[in-house]
Enquirer: 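Below are the C-alpha coordinates for one structure; questions will follow.
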Amino acid sequence: MRFGPFKFFEKKALTDEQILEMLGGGVTTSAGISVSAETALRVPAVAASVRTISEAAASLDCFVVEIGDDGTETPARHHPATALIAGEANDWTSSFELIRSLVVDALTRDVGGLAWGNWVRGEPVEIIRYRPGIIAAEYDQDGSGRATYRINGVPTPADQIIHLKSTFDKAPVTLCREAIGTAMVMEQHAARLFGRGARPGGIIRTKKSLGDEGVKKMLAGWRAAMEGAENAGRTAVLWDDAEWQQMTLSSVDAQFQQLRIFQLQEIARAFNIPSVLIGELSRATWSNSAEMQRLFLMLCLEPWLLALEGALRRALIAKEDRKRFAIRFERDDFSKVDLSVLATAVNSLIASRVLNPNEARDWLDMPPYEGGEVFANPNTGASQPGTDQAANLPDEPDDEEADDA
(Lines give C-alpha, C1' and ligand atoms only; values in the text may rest on other atoms or scores of the structure.)
Protein backbone atom coordinates (compact mmCIF):
# COMPACT_ATOMS: atom_id res chain seq x y z
CA MET A 1 0.00 0.00 0.00
CA ARG A 2 1.18 3.55 -0.77
CA PHE A 3 0.54 6.72 1.23
CA GLY A 4 1.96 9.85 -0.35
CA PRO A 5 5.69 9.66 -0.97
CA PHE A 6 6.13 6.85 1.54
CA LYS A 7 5.64 3.19 0.88
CA PHE A 8 4.45 0.68 3.44
CA PHE A 9 4.83 -3.06 3.03
CA GLU A 10 2.23 -5.41 4.36
CA LYS A 11 3.95 -8.16 6.30
CA LYS A 12 2.87 -11.50 4.95
CA ALA A 13 3.38 -14.75 6.83
CA LEU A 14 5.70 -17.19 5.15
CA THR A 15 4.27 -20.48 3.97
CA ASP A 16 5.70 -23.80 5.08
CA GLU A 17 7.14 -24.25 1.59
CA GLN A 18 8.97 -20.90 1.75
CA ILE A 19 10.34 -21.66 5.23
CA LEU A 20 11.64 -25.04 4.08
CA GLU A 21 13.21 -23.40 1.02
CA MET A 22 15.01 -20.85 3.22
CA LEU A 23 16.29 -23.60 5.52
CA GLY A 24 17.51 -25.69 2.59
CA GLY A 25 14.83 -28.35 3.08
CA GLY A 26 12.36 -29.71 0.62
CA VAL A 27 8.65 -30.35 0.30
CA THR A 28 7.50 -33.97 0.50
CA THR A 29 5.92 -35.10 -2.77
CA SER A 30 3.12 -37.60 -3.33
CA ALA A 31 5.78 -40.23 -3.95
CA GLY A 32 6.97 -39.77 -0.37
CA ILE A 33 10.26 -38.11 -1.39
CA SER A 34 11.41 -34.72 -0.09
CA VAL A 35 12.58 -32.59 -3.00
CA SER A 36 14.68 -29.45 -2.51
CA ALA A 37 17.08 -27.52 -4.71
CA GLU A 38 19.96 -29.67 -3.43
CA THR A 39 18.29 -33.09 -3.60
CA ALA A 40 16.79 -32.38 -7.04
CA LEU A 41 20.28 -31.94 -8.50
CA ARG A 42 21.09 -35.53 -7.50
CA VAL A 43 18.74 -36.69 -10.25
CA PRO A 44 20.89 -36.98 -13.40
CA ALA A 45 18.16 -35.59 -15.67
CA VAL A 46 17.77 -32.48 -13.50
CA ALA A 47 21.51 -31.96 -13.14
CA ALA A 48 21.99 -32.34 -16.91
CA SER A 49 19.19 -29.86 -17.67
CA VAL A 50 20.52 -27.26 -15.24
CA ARG A 51 24.11 -27.68 -16.46
CA THR A 52 23.14 -27.52 -20.13
CA ILE A 53 21.18 -24.28 -19.78
CA SER A 54 23.48 -22.50 -17.32
CA GLU A 55 26.77 -23.43 -18.98
CA ALA A 56 25.44 -22.69 -22.47
CA ALA A 57 24.43 -19.19 -21.35
CA ALA A 58 27.73 -18.60 -19.53
CA SER A 59 29.78 -19.83 -22.52
CA LEU A 60 28.50 -17.08 -24.83
CA ASP A 61 30.47 -13.86 -25.16
CA CYS A 62 28.87 -11.00 -23.21
CA PHE A 63 29.70 -7.35 -23.85
CA VAL A 64 28.43 -3.78 -23.59
CA VAL A 65 27.27 -2.06 -26.78
CA GLU A 66 26.71 1.61 -27.53
CA ILE A 67 23.50 2.39 -29.40
CA GLY A 68 23.83 5.04 -32.08
CA ASP A 69 21.18 7.52 -33.17
CA ASP A 70 20.37 5.30 -36.13
CA GLY A 71 19.96 2.22 -33.92
CA THR A 72 23.26 0.58 -34.85
CA GLU A 73 25.18 -1.07 -32.04
CA THR A 74 28.96 -0.98 -31.64
CA PRO A 75 31.02 -2.60 -28.86
CA ALA A 76 31.69 -0.18 -25.97
CA ARG A 77 34.99 -1.58 -24.74
CA HIS A 78 35.61 1.52 -22.65
CA HIS A 79 32.55 1.02 -20.48
CA PRO A 80 33.46 -0.09 -16.92
CA ALA A 81 30.88 -2.91 -16.98
CA THR A 82 32.65 -4.60 -19.90
CA ALA A 83 35.46 -5.96 -17.74
CA LEU A 84 32.98 -7.37 -15.22
CA ILE A 85 30.85 -9.35 -17.67
CA ALA A 86 33.60 -10.31 -20.13
CA GLY A 87 36.46 -11.05 -17.73
CA GLU A 88 36.33 -11.13 -13.95
CA ALA A 89 33.27 -10.22 -11.90
CA ASN A 90 35.50 -9.79 -8.83
CA ASP A 91 38.87 -10.93 -7.54
CA TRP A 92 37.68 -14.51 -6.94
CA THR A 93 34.91 -15.03 -9.50
CA SER A 94 35.12 -15.04 -13.28
CA SER A 95 32.28 -13.71 -15.40
CA PHE A 96 31.61 -17.28 -16.60
CA GLU A 97 31.17 -18.52 -13.03
CA LEU A 98 28.97 -15.55 -12.15
CA ILE A 99 26.51 -16.02 -15.02
CA ARG A 100 26.46 -19.78 -14.55
CA SER A 101 25.64 -19.41 -10.84
CA LEU A 102 22.89 -16.85 -11.52
CA VAL A 103 21.19 -19.17 -14.01
CA VAL A 104 21.57 -22.19 -11.72
CA ASP A 105 19.92 -20.28 -8.87
CA ALA A 106 17.07 -19.13 -11.13
CA LEU A 107 16.50 -22.71 -12.32
CA THR A 108 16.47 -24.25 -8.85
CA ARG A 109 15.18 -21.56 -6.45
CA ASP A 110 11.96 -19.58 -6.54
CA VAL A 111 13.66 -16.37 -5.38
CA GLY A 112 15.84 -16.52 -8.51
CA GLY A 113 19.48 -15.62 -9.06
CA LEU A 114 20.69 -12.66 -7.01
CA ALA A 115 23.97 -10.73 -7.04
CA TRP A 116 25.14 -7.31 -5.86
CA GLY A 117 26.82 -4.76 -8.11
CA ASN A 118 29.27 -2.65 -6.10
CA TRP A 119 29.49 0.95 -7.36
CA VAL A 120 32.36 3.27 -6.43
CA ARG A 121 32.41 6.93 -7.55
CA GLY A 122 29.63 6.37 -10.05
CA GLU A 123 31.04 3.23 -11.72
CA PRO A 124 30.49 -0.52 -11.15
CA VAL A 125 33.73 -2.07 -9.87
CA GLU A 126 32.69 -5.62 -8.95
CA ILE A 127 29.80 -8.07 -8.86
CA ILE A 128 29.37 -10.35 -5.87
CA ARG A 129 27.08 -13.34 -5.86
CA TYR A 130 26.37 -14.32 -2.23
CA ARG A 131 25.22 -17.77 -1.20
CA PRO A 132 21.43 -18.22 -1.32
CA GLY A 133 19.62 -16.53 1.55
CA ILE A 134 22.03 -13.61 2.06
CA ILE A 135 20.15 -11.33 -0.34
CA ALA A 136 16.42 -11.11 0.42
CA ALA A 137 13.73 -9.71 -1.87
CA GLU A 138 10.47 -8.28 -0.51
CA TYR A 139 7.65 -7.42 -2.90
CA ASP A 140 5.22 -4.54 -2.57
CA GLN A 141 1.78 -5.95 -1.77
CA ASP A 142 0.02 -3.44 -4.04
CA GLY A 143 0.56 -5.87 -6.92
CA SER A 144 3.04 -3.72 -8.85
CA GLY A 145 5.78 -6.34 -8.58
CA ARG A 146 8.25 -3.78 -7.26
CA ALA A 147 10.84 -5.32 -4.96
CA THR A 148 13.09 -4.00 -2.23
CA TYR A 149 16.28 -5.82 -1.34
CA ARG A 150 18.29 -6.45 1.79
CA ILE A 151 21.79 -7.87 2.11
CA ASN A 152 22.19 -9.48 5.53
CA GLY A 153 19.24 -7.35 6.65
CA VAL A 154 20.72 -4.08 5.36
CA PRO A 155 18.50 -2.24 2.82
CA THR A 156 20.19 -2.05 -0.59
CA PRO A 157 19.11 0.05 -3.62
CA ALA A 158 17.30 -2.01 -6.23
CA ASP A 159 19.46 -0.60 -9.03
CA GLN A 160 22.50 -2.32 -7.49
CA ILE A 161 20.94 -5.80 -7.47
CA ILE A 162 21.11 -8.24 -10.37
CA HIS A 163 17.90 -10.26 -10.09
CA LEU A 164 17.28 -13.07 -12.59
CA LYS A 165 13.82 -14.58 -12.17
CA SER A 166 12.24 -17.60 -13.80
CA THR A 167 8.91 -17.73 -15.63
CA PHE A 168 5.82 -17.71 -13.39
CA ASP A 169 8.10 -16.54 -10.54
CA LYS A 170 8.65 -20.23 -9.80
CA ALA A 171 11.77 -22.25 -10.51
CA PRO A 172 11.42 -25.25 -12.85
CA VAL A 173 12.54 -27.48 -9.97
CA THR A 174 9.53 -26.31 -7.98
CA LEU A 175 7.09 -26.65 -10.87
CA CYS A 176 8.18 -30.23 -11.66
CA ARG A 177 8.74 -31.34 -8.06
CA GLU A 178 6.35 -34.30 -8.39
CA ALA A 179 8.09 -35.50 -11.57
CA ILE A 180 11.47 -35.23 -9.86
CA GLY A 181 10.17 -37.11 -6.82
CA THR A 182 8.87 -39.91 -9.04
CA ALA A 183 12.24 -40.12 -10.80
CA MET A 184 14.01 -40.34 -7.43
CA VAL A 185 11.73 -43.19 -6.31
CA MET A 186 12.41 -45.11 -9.52
CA GLU A 187 16.15 -44.49 -9.12
CA GLN A 188 16.05 -45.89 -5.58
CA HIS A 189 14.04 -48.90 -6.71
CA ALA A 190 16.56 -49.66 -9.46
CA ALA A 191 19.42 -49.36 -6.97
CA ARG A 192 17.73 -51.79 -4.57
CA LEU A 193 16.89 -54.15 -7.41
CA PHE A 194 20.49 -54.54 -8.52
CA GLY A 195 22.31 -53.70 -5.30
CA ARG A 196 20.39 -55.93 -2.90
CA GLY A 197 18.96 -58.48 -5.30
CA ALA A 198 15.37 -57.37 -4.79
CA ARG A 199 14.21 -60.06 -7.23
CA PRO A 200 15.74 -63.59 -7.09
CA GLY A 201 16.88 -65.31 -10.26
CA GLY A 202 14.73 -68.33 -9.45
CA ILE A 203 13.35 -70.58 -6.72
CA ILE A 204 13.87 -74.23 -5.72
CA ARG A 205 10.66 -76.16 -4.93
CA THR A 206 10.69 -79.31 -2.78
CA LYS A 207 7.86 -81.77 -2.08
CA LYS A 208 8.83 -82.33 1.52
CA SER A 209 9.80 -80.11 4.37
CA LEU A 210 13.54 -79.71 4.83
CA GLY A 211 13.60 -77.76 8.08
CA ASP A 212 15.85 -74.83 8.86
CA GLU A 213 19.06 -76.82 8.87
CA GLY A 214 18.17 -78.66 5.67
CA VAL A 215 17.46 -75.36 3.87
CA LYS A 216 20.78 -73.89 5.02
CA LYS A 217 22.75 -76.93 3.83
CA MET A 218 20.92 -77.03 0.49
CA LEU A 219 21.57 -73.33 -0.18
CA ALA A 220 25.21 -73.66 0.85
CA GLY A 221 25.70 -76.56 -1.54
CA TRP A 222 23.88 -74.74 -4.35
CA ARG A 223 25.99 -71.62 -3.96
CA ALA A 224 29.21 -73.58 -3.84
CA ALA A 225 28.32 -75.46 -7.01
CA MET A 226 26.57 -72.83 -9.09
CA GLU A 227 27.39 -69.24 -8.01
CA GLY A 228 30.42 -67.28 -9.19
CA ALA A 229 32.05 -66.65 -12.57
CA GLU A 230 34.14 -69.82 -12.35
CA ASN A 231 30.98 -71.95 -12.13
CA ALA A 232 29.20 -70.37 -15.09
CA GLY A 233 27.67 -72.95 -17.43
CA ARG A 234 27.86 -75.91 -15.03
CA THR A 235 25.03 -78.41 -14.82
CA ALA A 236 22.84 -78.14 -11.75
CA VAL A 237 21.93 -81.30 -9.81
CA LEU A 238 18.82 -81.31 -7.58
CA TRP A 239 17.79 -83.95 -5.03
CA ASP A 240 14.74 -85.27 -3.22
CA ASP A 241 12.41 -84.44 -6.15
CA ALA A 242 13.35 -80.74 -5.93
CA GLU A 243 12.49 -78.52 -8.92
CA TRP A 244 14.07 -75.29 -10.22
CA GLN A 245 11.68 -72.53 -11.34
CA GLN A 246 13.05 -69.57 -13.31
CA MET A 247 11.70 -66.17 -12.22
CA THR A 248 10.34 -64.01 -15.04
CA LEU A 249 9.58 -60.31 -15.20
CA SER A 250 5.96 -59.23 -15.13
CA SER A 251 4.49 -56.87 -17.71
CA VAL A 252 4.89 -53.98 -15.23
CA ASP A 253 8.54 -54.85 -14.63
CA ALA A 254 9.15 -55.10 -18.36
CA GLN A 255 7.93 -51.51 -18.75
CA PHE A 256 10.23 -50.17 -16.03
CA GLN A 257 12.85 -48.98 -18.51
CA GLN A 258 10.22 -47.24 -20.64
CA LEU A 259 8.80 -45.58 -17.54
CA ARG A 260 12.24 -44.26 -16.62
CA ILE A 261 12.72 -42.88 -20.12
CA PHE A 262 9.33 -41.17 -19.92
CA GLN A 263 10.27 -39.62 -16.58
CA LEU A 264 13.45 -38.23 -18.12
CA GLN A 265 11.39 -36.71 -20.95
CA GLU A 266 8.97 -35.27 -18.39
CA ILE A 267 11.78 -33.47 -16.56
CA ALA A 268 13.18 -32.20 -19.87
CA ARG A 269 9.76 -30.74 -20.69
CA ALA A 270 9.68 -28.94 -17.35
CA PHE A 271 12.96 -27.21 -18.22
CA ASN A 272 11.79 -26.62 -21.82
CA ILE A 273 14.86 -28.39 -23.14
CA PRO A 274 14.99 -31.06 -25.89
CA SER A 275 15.52 -34.42 -24.20
CA VAL A 276 18.20 -35.33 -26.74
CA LEU A 277 20.47 -32.69 -25.15
CA ILE A 278 20.41 -34.46 -21.78
CA GLY A 279 21.18 -37.94 -23.06
CA GLU A 280 17.78 -39.33 -24.08
CA LEU A 281 18.66 -40.55 -27.57
CA SER A 282 15.87 -43.06 -28.25
CA ARG A 283 14.44 -40.90 -31.04
CA ALA A 284 17.58 -38.99 -32.02
CA THR A 285 18.92 -38.96 -35.58
CA TRP A 286 21.68 -36.98 -37.27
CA SER A 287 19.14 -34.63 -38.83
CA ASN A 288 16.77 -33.98 -35.95
CA SER A 289 19.63 -33.57 -33.43
CA ALA A 290 20.76 -30.42 -35.25
CA GLU A 291 17.17 -29.21 -35.34
CA MET A 292 16.88 -29.86 -31.60
CA GLN A 293 19.92 -27.67 -30.98
CA ARG A 294 18.31 -24.87 -32.98
CA LEU A 295 15.10 -25.22 -31.00
CA PHE A 296 17.12 -25.19 -27.78
CA LEU A 297 18.58 -21.81 -28.73
CA MET A 298 15.27 -20.32 -29.89
CA LEU A 299 12.80 -21.64 -27.31
CA CYS A 300 14.86 -22.37 -24.21
CA LEU A 301 18.11 -20.41 -24.11
CA GLU A 302 16.99 -17.20 -25.87
CA PRO A 303 14.45 -16.21 -23.15
CA TRP A 304 17.12 -16.71 -20.48
CA LEU A 305 19.59 -14.59 -22.43
CA LEU A 306 17.07 -11.76 -22.79
CA ALA A 307 16.31 -11.93 -19.06
CA LEU A 308 20.03 -11.88 -18.27
CA GLU A 309 20.62 -8.88 -20.53
CA GLY A 310 17.87 -6.95 -18.75
CA ALA A 311 19.00 -7.94 -15.24
CA LEU A 312 22.64 -7.02 -15.92
CA ARG A 313 21.67 -3.76 -17.61
CA ARG A 314 19.60 -2.57 -14.65
CA ALA A 315 22.45 -3.11 -12.18
CA LEU A 316 25.54 -2.21 -14.24
CA ILE A 317 24.41 0.73 -16.38
CA ALA A 318 23.26 3.99 -14.84
CA LYS A 319 19.60 4.83 -15.40
CA GLU A 320 20.39 7.94 -17.43
CA ASP A 321 22.66 5.92 -19.75
CA ARG A 322 20.34 2.99 -20.48
CA LYS A 323 19.08 4.54 -23.72
CA ARG A 324 22.65 4.80 -24.92
CA PHE A 325 24.18 1.54 -23.65
CA ALA A 326 22.96 -2.04 -23.50
CA ILE A 327 24.34 -5.48 -22.68
CA ARG A 328 24.30 -8.20 -25.30
CA PHE A 329 25.16 -11.91 -25.60
CA GLU A 330 26.74 -13.18 -28.81
CA ARG A 331 24.37 -15.79 -30.27
CA ASP A 332 26.48 -16.46 -33.37
CA ASP A 333 28.58 -19.00 -31.47
CA PHE A 334 25.76 -21.52 -31.90
CA SER A 335 25.64 -21.06 -35.66
CA LYS A 336 29.39 -21.62 -35.87
CA VAL A 337 29.09 -25.17 -34.55
CA ASP A 338 28.02 -26.58 -37.93
CA LEU A 339 30.87 -25.51 -40.23
CA SER A 340 29.19 -26.62 -43.45
CA VAL A 341 26.02 -24.63 -42.71
CA LEU A 342 28.08 -21.60 -41.71
CA ALA A 343 30.21 -21.77 -44.87
CA THR A 344 27.10 -22.02 -47.06
CA ALA A 345 25.50 -19.02 -45.34
CA VAL A 346 28.63 -16.87 -45.60
CA ASN A 347 29.13 -17.74 -49.26
CA SER A 348 25.50 -16.92 -50.06
CA LEU A 349 25.65 -13.56 -48.29
CA ILE A 350 28.85 -12.56 -50.09
CA ALA A 351 27.58 -13.75 -53.49
CA SER A 352 24.36 -11.77 -53.06
CA ARG A 353 26.45 -8.72 -52.02
CA VAL A 354 24.78 -8.45 -48.62
CA LEU A 355 28.22 -8.76 -46.99
CA ASN A 356 31.67 -8.07 -48.36
CA PRO A 357 34.49 -10.54 -47.61
CA ASN A 358 35.98 -8.43 -44.82
CA GLU A 359 32.61 -8.15 -43.05
CA ALA A 360 32.26 -11.91 -43.29
CA ARG A 361 35.80 -12.41 -41.94
CA ASP A 362 34.98 -10.12 -39.04
CA TRP A 363 31.94 -12.29 -38.37
CA LEU A 364 34.31 -15.27 -38.19
CA ASP A 365 36.74 -13.38 -35.90
CA MET A 366 39.36 -13.20 -38.67
CA PRO A 367 41.44 -10.16 -39.69
CA PRO A 368 40.54 -8.26 -42.90
CA TYR A 369 42.65 -8.38 -46.05
CA GLU A 370 43.38 -5.77 -48.68
CA GLY A 371 40.62 -5.48 -51.25
CA GLY A 372 38.15 -7.41 -49.13
CA GLU A 373 35.83 -4.44 -48.63
CA VAL A 374 34.53 -4.69 -52.24
CA PHE A 375 30.96 -5.92 -52.67
CA ALA A 376 31.34 -8.42 -55.51
CA ASN A 377 30.18 -11.89 -56.46
CA PRO A 378 33.18 -14.24 -56.15
CA ASN A 379 31.47 -16.80 -58.38
CA THR A 380 31.82 -14.59 -61.46
CA GLY A 381 35.35 -14.11 -62.81
CA ALA A 382 34.90 -10.47 -63.86
CA SER A 383 34.02 -9.21 -60.40
CA GLN A 384 36.15 -11.30 -58.07
CA PRO A 385 37.52 -9.23 -55.17
CA GLY A 386 41.08 -8.08 -55.74
CA THR A 387 40.96 -8.08 -59.55
CA ASP A 388 41.27 -5.00 -61.75
CA GLN A 389 37.66 -5.38 -62.86
CA ALA A 390 36.41 -5.39 -59.28
CA ALA A 391 38.53 -2.35 -58.42
CA ASN A 392 37.00 -0.44 -61.34
CA LEU A 393 33.42 -1.26 -60.36
CA PRO A 394 31.44 1.93 -59.59
CA ASP A 395 30.76 2.58 -55.93
CA GLU A 396 27.22 2.19 -54.75
CA PRO A 397 25.56 5.65 -54.53
CA ASP A 398 24.68 6.86 -51.09
CA ASP A 399 21.17 7.96 -50.19
CA GLU A 400 21.71 11.64 -51.04
CA GLU A 401 23.18 10.86 -54.48
CA ALA A 402 20.31 8.48 -55.18
CA ASP A 403 17.79 11.18 -54.29
CA ASP A 404 19.52 13.70 -56.58
CA ALA A 405 19.44 11.22 -59.43
Enquirer: Could you check whether any side-chain heavy atom of R177 comes within less than 4.5 Å of a side-chain heavy atom of V173, counting everything from C-beta outward?
Expert: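 No - every pair of side-chain heavy atoms lies 4.5 Å or more apart.
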Enquirer: On a heavy-atom basis, which atom in L355 and which in F375 lie closest, and how many Å separate them?
Expert: C-CE2, 3.7 Å
Enquirer: Show me the donor-acceptor pairs within less than 3.5 Å that the side chains of residues 112-123 make with the rest of the protein, sequence neighbours left out.
Expert:
unit_1, atom_1, unit_2, atom_2, d
W116, NE1, Q160, OE1, 3.1
N118, ND2, E126, OE2, 3.0
W119, NE1, A315, O, 2.9

Enquirer: Quick one: does E359's side chain have a donor or acceptor within less than 3.5 Å of a partner on N356's backbone?
Expert: yes
Enquirer: In sequence, state the C-alpha distance, the side-chain angles, and the governing distance for C176 and E266, and then conclude on side chain to side chain contact (heavy atoms under 4.5 Å, CB included).
Expert: CA-CA 8 Å; C176 69; E266 190 79 347; over 6 Å; no
Enquirer: Walk me through it: do W304 and L107 pass the test side chain to side chain contact (heavy atoms under 4.5 Å, CB included)?
Expert: CA-CA 10 Å; W304 284 107; L107 290 168; 3.4 Å; yes
Enquirer: Are the side chains of F296 and I273 in touch, meaning some heavy atoms are under 4.5 Å apart?
Expert: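 The answer is yes; the side chains approach within 4.5 Å.
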Enquirer: Using 0.5 Å steps for rounding, measure from the CD atom of E370 to the CG atom of N358.
Expert: 10.0 Å
Enquirer: Rounded to the nearest 0.5 Å, how far apart are CD of E309 and CD1 of I327?
Expert: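 It comes to 8.5 Å.
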Enquirer: Tell me yes or no: between the side chains of T39 and S36, is some donor less than 3.5 Å from an acceptor?
Expert: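 Per modelled atom types, T39 and S36 side chains form a pair under 3.5 Å.
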Enquirer: Could you report the tightest heavy-atom contact between F271 and I53, atom names first, then the distance?
Expert: O-CD1, 3.9 Å
Enquirer: Between the side chain of T182 and the main-chain N/O of E178, is any donor-acceptor distance below 3.5 Å?
Expert: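 Side chain of T182 to backbone of E178: a pair is present.
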Enquirer: Less than 4.0 Å between a side-chain N and a carboxylate O, is that true for E38 and R109?
Expert: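 Between E38 and R109 there is a salt bridge, with a charged N closer than 4.0 Å to a carboxylate O.
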Enquirer: Can you measure from CE (M186) to CD (Q263) and round to the nearest 0.5 angstrom?
Expert: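 Spacing of CE (M186) from CD (Q263) equals 6.0 Å.
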Enquirer: Verify side chain to side chain contact (heavy atoms under 4.5 Å, CB included) between L264 and I278, making sure each step is shown before the conclusion.
Expert: CA-CA 9 Å; L264 187 151; I278 58 175; 3.8 Å; yes
Enquirer: Would you sort out whether E302 and R331 count as a side chain to side chain contact (heavy atoms under 4.5 Å, CB included), showing the intermediate values?
Expert: CA-CA 9 Å; E302 179 67 17; R331 276 82 162 174; 3.0 Å; yes
Enquirer: Taking R361 for the side chain and P367 for the main chain, is one N or O donor matched with an acceptor at less than 3.5 Å?
Expert: yes
Enquirer: When you measure from the side chain of R77 to the backbone of P75, do you find a donor-acceptor pair of N or O atoms at a distance under 3.5 Å?
Expert: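 Judged by distance alone, no pair lies under 3.5 Å.
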Enquirer: Could you tabulate the donor-acceptor pairs under 3.5 Å formed by side-chain atoms of residues 82-92, not counting sequence neighbours?
Expert:
unit_1, atom_1, unit_2, atom_2, d
T82, OG1, A76, O, 2.9
T82, OG1, H79, O, 3.3
N90, OD1, W92, N, 2.9
N90, OD1, T93, N, 2.8
N90, OD1, T93, OG1, 3.1
N90, ND2, I127, O, 2.5

Enquirer: Can you give me every donor-acceptor pair (side chain of residues 161-168, partner residue at least two apart or in another chain, under 3.5 Å) with its distance?
Expert:
unit_1, atom_1, unit_2, atom_2, d
H163, ND1, Y149, OH, 2.9
H163, NE2, V111, O, 2.7
S166, OG, K170, O, 3.2

Enquirer: Considering only heavy atoms from C-beta outward, does the side chain of R150 approach that of E138 to under 4.5 Å?
Expert: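 Yes; the side chains approach each other to less than 4.5 Å.
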Enquirer: Got a second to check how far D110's CG is from D105's CG, nearest 0.5 Å?
Expert: 12.0 Å
Enquirer: Any idea which heavy atoms bring P357 and G372 closest together, and the distance?
Expert: CD-O, 3.1 Å
Enquirer: Using modelled atom types only, decide if a donor and an acceptor are shared between the side chain of T156 and the backbone of V154 within a distance under 3.5 Å.
Expert: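 Checking the backbone N and O of V154 against the side chain of T156, a donor-acceptor pair under 3.5 Å is found.
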Enquirer: Do E97 and R129 sit within salt-bridge range, that is, some charged N less than 4.0 Å from a carboxylate O?
Expert: no
Enquirer: Give the minimum heavy-atom separation between I267 and A45, together with the two atoms involved.
Expert: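 Closest heavy-atom pair between I267 and A45: CD1-CB, 4.0 Å.
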Enquirer: Rounded to the nearest 0.5 Å, what's the gap from OH on Y130 to CD1 on I151? Could you check?
Expert: 5.0 Å
Enquirer: Decide if atom CZ of R51 counts as having more than 12 heavy atoms of other residues, nucleotides or ligands within a radius under 6.0 Å.
Expert: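 No, not enclosed.
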Enquirer: To the nearest 0.5 Å, how far apart are CZ in F329 and CG in L312?
Expert: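 Rounded to the nearest 0.5 Å, the CZ-CG separation comes to 5.5 Å.
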Enquirer: Where is the tightest heavy-atom contact between L316 and P124, given as atom of each residue plus distance?
Expert: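 So the minimum-distance heavy-atom pair works out to O-CG, 3.6 Å.
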Enquirer: Looking at A40 and V46, what are the two nearest heavy atoms and their distance?
Expert: O-CB, 3.3 Å
